[in-house]
Amino acid sequence: MKALKFGIACLSALFALSAHAADQAPVKKVNGVLVDAHGMTVYTFDKDAAGSGKSACNGPCAENWPPVKAGDAAVSAPYSTVTRDDGSKQLAYQGKPLYTFVKDKKAGDRAGDKKMNVWHVVTD
């Protein structure tokens, strides 16, 4: 009987965790700015062509500007996904791939905004 109750408790916890994970969107709007699931500011890169399905930021660029992972959940407009050079999926907004910035240390930081005049906070 105890084993059955334990098994039911484990299954309930598993279902609760997977339901919670499914509810968590990769990005959300906070104070007029898009942020990732950890509250970190999200950016676009001027060298990415909207709707191209590709990212122009790979290698060392992606080390400084980590791509926002798309995950397995289906997305709907204005969001889409792009396939990166390494085959991973990246979230895009209005066709432009999304990134975070390694120098943003805490939620709400915007150190990457207007960096090199090609990186921009997503405000819509």
Side-chain angles (χ1 to χ4, degrees):
M1 186 65 159
K2 286 184 181 181
L4 179 60
K5 287 182 182 178
F6 178 73
I8 291 171
C10 286
L11 282 174
S12 296
L14 180 62
F15 287 128
L17 283 174
S18 55
H20 176 68
D23 290 340
Q24 198 171 32
V27 294
K28 61 185 175 185
K29 195 173 190 180
V30 175
N31 297 324
V33 173
L34 281 183
V35 298
D36 71 3
H38 304 288
M40 302 307 287
T41 303
V42 172
Y43 301 88
T44 57
F45 184 37
D46 284 349
K47 293 183 180 180
D48 286 329
S52 71
K54 296 198 136 287
S55 167
C57 180
N58 294 286
C61 177
E63 291 173 17
N64 289 310
W65 300 90
V68 175
K69 295 180 181 178
D72 295 328
V75 296
S76 58
Y79 300 99
S80 59
T81 59
V82 299
T83 303
R84 298 188 50 75
D85 286 355
D86 65 5
S88 64
K89 298 290 183 187
Q90 181 176 0
L91 191 66
Y93 178 74
Q94 295 182 345
K96 295 210 50 156
L98 299 175
Y99 307 86
T100 56
F101 184 45
V102 295
K103 291 190 178 178
D104 286 347
K105 299 301 179 190
K106 65 184 183 317
D109 283 356
R110 297 180 187 178
D113 194 24
K114 300 181 180 88
K115 193 82 163 164
M116 298 177 285
N117 292 321
V118 294
W119 293 96
H120 308 282
V121 169
V122 182
T123 57
D124 189 13

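The model shown is predicted, which means the values in this text are computed figures rather than measured ones.
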Hey, could you give me each pair passing side-chain hydrogen bond (donor to acceptor under 3.5 Å, both in side chains) that has a residue in residues 59-80? Not counting sequence neighbours. none
Pair listing, disulfide (SG to SG under 2.5 Å) test, anchored in residues 73-124, at least two apart: none
How would you list all residue pairs meeting salt bridge (charged side-chain N to carboxylate O under 4.0 Å, His left out) that involve residues 74-91, not counting sequence neighbours? Lys54-Asp85
Nearest heavy-atom approach of Trp119 to Gly112 is CB-O, 3.5 Å
May I have all residue pairs that pass disulfide (SG to SG under 2.5 Å) and include part of residues 75-124, sequence neighbours excluded? none
With sequence neighbours excluded, give me every disulfide (SG to SG under 2.5 Å) pair touching residues 70-124. none
According to the disulfide (SG to SG under 2.5 Å) rule, which pairs have a member within residues 53-106, sequence neighbours left out? Cys57-Cys61
With distance as the sole test, does Gln90 use its side chain to make a donor-acceptor pair with the main-chain N or O of Leu98 at under 3.5 Å? yes
Sequence neighbours excluded, which residues qualify as side chain to side chain contact (heavy atoms under 4.5 Å, CB included) partners of Val121? Val33, Thr41, Tyr43, Arg110, Asp113, Thr123
Check whether any side-chain N or O of Asp104 sits under 3.5 Å from a backbone N or O of Ala111 as a donor-acceptor pair, and report yes or no. yes
Mind checking side chain to side chain donor-acceptor pair (under 3.5 Å) for Lys106 and listing every partner two or more places apart, or none if nothing turns up? Asp109
I'd like to check the side chain to side chain contact (heavy atoms under 4.5 Å, CB included) partners of Ala56; sequence neighbours left out, ordered by chain and number. Phe45, Lys47, Asp48
